[in-house]
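Quick notes on the structure that follows.
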2 protein chains.
Amino acid sequence: MVSESRKKNRVTLLDVARHASVSRATASLVIRKSPLVSTETRAKVEAAMQELGYVYNMGAARLRADKSLTIGVVIPNLVNPFFTELLAGIETVIDAAGMVVILVNSGDLVTRQETLLTRMREHGVDGIILCPAADTKMSLVERMAEWDLPLVQVLRHVTDDCDYAGVDYGVGMHQAVGHLVELGHRDIAFAVHGPVHSAYQERVDGFREAMEARGLYPNTIIRVPNQMAAIADSAELFSSGPGRSSAVVCFNDVVALGLSAGLYDLGITIGRDFSLVGFDDVADAEAMRPRLTSVATFPEAIGEGAAKLLLDRLTQPDLPPRKLVKAPQLRIRQSSARWSGTGLGRVQNSG
Amino acid sequence: MVSESRKKNRVTLLDVARHASVSRATASLVIRKSPLVSTETRAKVEAAMQELGYVYNMGAARLRADKSLTIGVVIPNLVNPFFTELLAGIETVIDAAGMVVILVNSGDLVTRQETLLTRMREHGVDGIILCPAADTKMSLVERMAEWDLPLVQVLRHVTDDCDYAGVDYGVGMHQAVGHLVELGHRDIAFAVHGPVHSAYQERVDGFREAMEARGLYPNTIIRVPNQMAAIADSAELFSSGPGRSSAVVCFNDVVALGLSAGLYDLGITIGRDFSLVGFDDVADAEAMRPRLTSVATFPEAIGEGAAKLLLDRLTQPDLPPRKLVKAPQLRIRQSSARWSGTGLGRVQNSG
DNA sequence: CTGAAAGCGCTTACAG
DNA sequence: CTGAAAGCGCTTACAG
């Protein structure tokens with residue numbers, strides 16, 4: 001058995017202490033870099049650790065000290081590049097703090113989320129960064145508070161009584177709509193998809209408000225499928241019919257990519273016949289042709305912010321709940337163009 | 001202090017045992033679902049756990065039993081969608097086994113990788129899935145063996161004396177080159193980028209062999225930058241000059257996306273004037289226009305395979321080293337077309 | 001099937 | 001600055 005052999009030749013702090021002719025307590029102080037130890041003693045102990053091949057046993061330390069240098073990250077979806085960048089930001093900050101992240105994927109399912117949160121608790125994480133699955137109840141967060149488990153919500157929120165790092169979607173929608181209106185568009189649609197949660201609601205509300213503020217009809221909100229290929233197939237919803245639009249704001253860049261492909265298949269030239277504005281500004285926005293105009297939401301920075309909120313709360317549990325709501329920034333590229341005033345000249349492309 | 005309050009009202013197994021009027025050992029058996037406990041006793045204990053709000057302390061169990069139900073995953077890069085899909089596969093299998101993954105990002109730096117591996121060891125992970133950073137020495141893996149830390153290499157390998165889950169890049173290159181040759185291409189370039197490691201080498205060797213096997217010149221291997229925008233700018237390397245190619249095989253889909261954009265900017269129509277074959281077949285391949293012909297490498301399946309190898313090794317440490325080398329599959333779409341025999345008709349697009 | 005005891009490897013007061 | 005002792009919450013033999 002691996003565990004047996006590993007246990008057999010495990011060298012403990014006591015071994016190190018004996019080898020250095022000091023007490024175990026002293027050796028422990030050396031490890032934790034306490035200033036109470038003389039340079040000489042420290043050197044002796046460190047030499048002993050080296051010679052014996054000592055490995056710090058964080059599990060034992062955790063049991064005694066009740067901290068694990070471990071934080072849990074619960075994300076609803078791993079394959080969306082947006083979440084990946086978020087994760088990268090979290091990982092950077094947590095890692096720099098000498099801690100480690102346990103990552104789990106809720107699949108946007110509250111029941112799975114429940115299981116996973118319990119699991120993290122049993123694993124003794126010091127805190128949790130949660131992007132709540134759709135339909136997460138406020139009570140979930142309250143329960144975590146009862147558990148004394150520090151929590152920060154990221155990207156989505158279900159309560160104000162808990163730290164939150166996210167995006168000001170309303171501002172982003174104003175930027176997107178404002179840009180298109182300046183270009184002369186008036187019939188602007190909003191292409192949405194995915195589960196409904198606070199970020200979804202805020203984008204929809206933001207779009208409506210932005211349209212109303214400009215005296216435009218705010219209800220051309222159209223749901224598209226979730227899979228890339230299916231989104232492409234739904235492009236016709238925007239380019240035909242009576243209330244045809246000349247521009248569409250997309251829920252995120254995944255939708256924008258899909259619609260871009262679909263409009264191409266319909267023979268519609270984006271950035272000339274039709275305007276498209278994405279949301280999030282993931283790496284692909286710059287790589288598309290025509291390049292995608294998109295509202296940058298800086299997921300990596302948000303991840304960093306969330307991690308910092310959590311680190312702060314770990315040291316100062318009694319801080320009032322804080323919000324870090326980042327203002328997005330419009331990146332104007334090629335997919336949005338001045339309203340041509342003409343109809344959509346359509347030529348069927350090889351779909 | 002959070003930890004104090006958490007400690008204060010922590011209910012332990014002993015509390016549960018008392019409340020259920022059994023011994024601590026019996027309560028422990030119930031938790032671990034031992035069949036040695038009568039249904040009646042089990043129900044009594046479970047009721048007690050429920051009433052008291054007992055939370056299993058995995059840290060304590062780990063200390064005693066020397067297993068942590070935790071595995072470490074070391075990845076060189078989080079933002080490449082390829083690695084994200086790999087991670088998703090790993091997470092699925094590990095999660096289904098009731099375990100949890102600790103994720104770290106080496107940034108493809110051996111020194112950081114070293115630090116992180118030590119950290120995971122201190123955290124007491126049961127095993128590690130490692131995609132070795134470029135320039136990782138074989139000795140690293142040997143050292144892990146001395147640590148008695150079960151390891152599986154994924155995607156890249158530095159030794160045969162250790163489990164490995166990856167891709168048969170050679171076969172993939174034969175598929176890509178073969179496909180282009182069938183379409184009549186003879187001047188085929190290979191666009192590479194990124195750090196050099198086993199997977200890099202295997203792709204390069206695979207390309208060379210595939211070309212040589214068909215009597216073609218195998219050395220048009222061109223390095224492009226790593227950033228998407230810079231890749232696009234380098235497209236001219238392939239489309240001009242004396243040894244001009246009519247088709248290019250890409251190191252991965254990131255390169256393919258970049259070149260696709262760059263060729264567009266040069267006014268070259270892919271799938272007509274020029275053929276492009278990607279590698280990996282990430283989600284974007286299907287979303288591009290023209291759709292990208294690509295060699296699918298199934299990163300999610302590889303992640304699952306790697307996790308299963310590790311799980312097996314945990315239970316059977318004495319198994320000989322195993323290899324899981326998955327055959328890729330060519331997905332023919334629109335970016336590859338019959339050789340036109342004409343030059344590249346070029347019209348400058350709005351770059 | 002159950003109970004009493006020892007121990008996993010560390011940290012934490014508490015004396016000195 | 002150092003040492004001896006207790007304890008974190010569990011699991012593991014070992015008797016019964």
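Lettering of chains follows the sequences in order, A, B, ..., and the numbering in each one begins at 1.
- At whole-Å resolution of the value, CG in A:N57 and P in D:dC8 are 18 Å apart.
- Remark: A:R322 pairs with A:D312 by the salt bridge (Lys or Arg N to Asp or Glu O under 4.0 Å) rule, at least two apart or across chains.
- Residues from residues 34-46 of chain A with heavy atoms under 4.0 angstrom of DNA chain C: there are none.
- Looking at residues two or more places apart in sequence or on another chain, you find a salt bridge (Lys or Arg N to Asp or Glu O under 4.0 Å) between B:D95 and A:R112, A:R119.
- The CG atom of A:L63 sits 17 Å away from the P atom of C:dG7 (whole-angstrom rounding).
- To the nearest angstrom, P of C:dG9 lies 12 Å from CZ of A:R18.
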**Fill in**
Symbol by symbol from the 5' end, with Watson-Crick or G-U pairs under 3.5 Å, [ ] crossing and | another strand, DNA chain C is |||.||||||||.|||

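- Remark: the backbone N or O of A:L69 is paired with a side-chain donor or acceptor of A:D126 at under 3.5 angstrom.
- The side chain of A:S23 contributes no N or O atom lying less than 4.0 Å from OP1 or OP2 of D:dT2.
- Side-chain contact between A:V30 and A:V16 is absent, with no heavy-atom pair separated by less than 4.5 Å.
- Among residue pairs with one or both ends in residues 301-311 of chain B, none qualify as side chain to side chain donor-acceptor pair (under 3.5 Å); sequence neighbours excluded.
- Rounded to whole angstrom, the span from the CZ atom of A:R10 across to the C1' atom of C:dC10 amounts to 11 Å.
- Under the side-chain contact (heavy atoms from CB on, under 4.5 Å) criterion, A:T115 pairs with no residue at all, not counting sequence neighbours.
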Taking distance alone, no hydrogens or angles, what donor-acceptor pairs closer than 3.5 Å link side-chain atoms of residues 131-142 of chain A to residues at least two apart or in another chain?
from   : atom 1 : to     : atom 2 : distance (Å)
A:T136 : OG1    : A:Q113 : NE2    : 3.0
A:T136 : OG1    : A:A133 : N      : 3.2
A:T136 : OG1    : A:A133 : O      : 2.5
A:K137 : NZ     : A:D135 : O      : 3.1

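- Taking 4.0 angstrom as the limit, A:T26 places a side-chain polar atom (N or O) nearer than this to OP1 or OP2 of D:dG3.
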Output a table of donor-acceptor pairs, distance under 3.5 Å, between side-chain atoms of residues 42-54 of chain A and any protein atom two or more places apart or on a different chain; print 'none' if there are none.
from  : atom 1 : to    : atom 2 : distance (Å)
A:R42 : NH2    : A:S34 : O      : 2.9

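- When the side-chain contact (heavy atoms from CB on, under 4.5 Å) test is applied to A:L311, the partners found at least two apart in sequence or on another chain are A:V93, A:I94, A:A97, A:M99, A:L314.
- In this view, B:E114 and B:R143 satisfy the salt bridge (Lys or Arg N to Asp or Glu O under 4.0 Å) rule, not counting sequence neighbours.
- Rounding to whole angstrom units, CG of residue B:D66 and P of D:dG9 are separated by 20 Å.
- Across the protein-nucleic acid pair, B:M58 atom CE and C:dC8 atom C1' stand 16 Å apart, rounded to whole Å.
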**Request:** Any chance you could list the contact pattern along nucleotides 11-16 of chain C? Use B for base contacts, S for sugar-phosphate-only contacts and - for none, protein heavy atoms under 4.0 Å, 5' to 3'.
**Result:** BB----

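- When the P atom of D:dC10 is taken as reference, atom CG of B:L69 falls 15 Å away, rounded to whole Å.
- Not counting sequence neighbours, B:R32 has no partner by the salt bridge (Lys or Arg N to Asp or Glu O under 4.0 Å) test.
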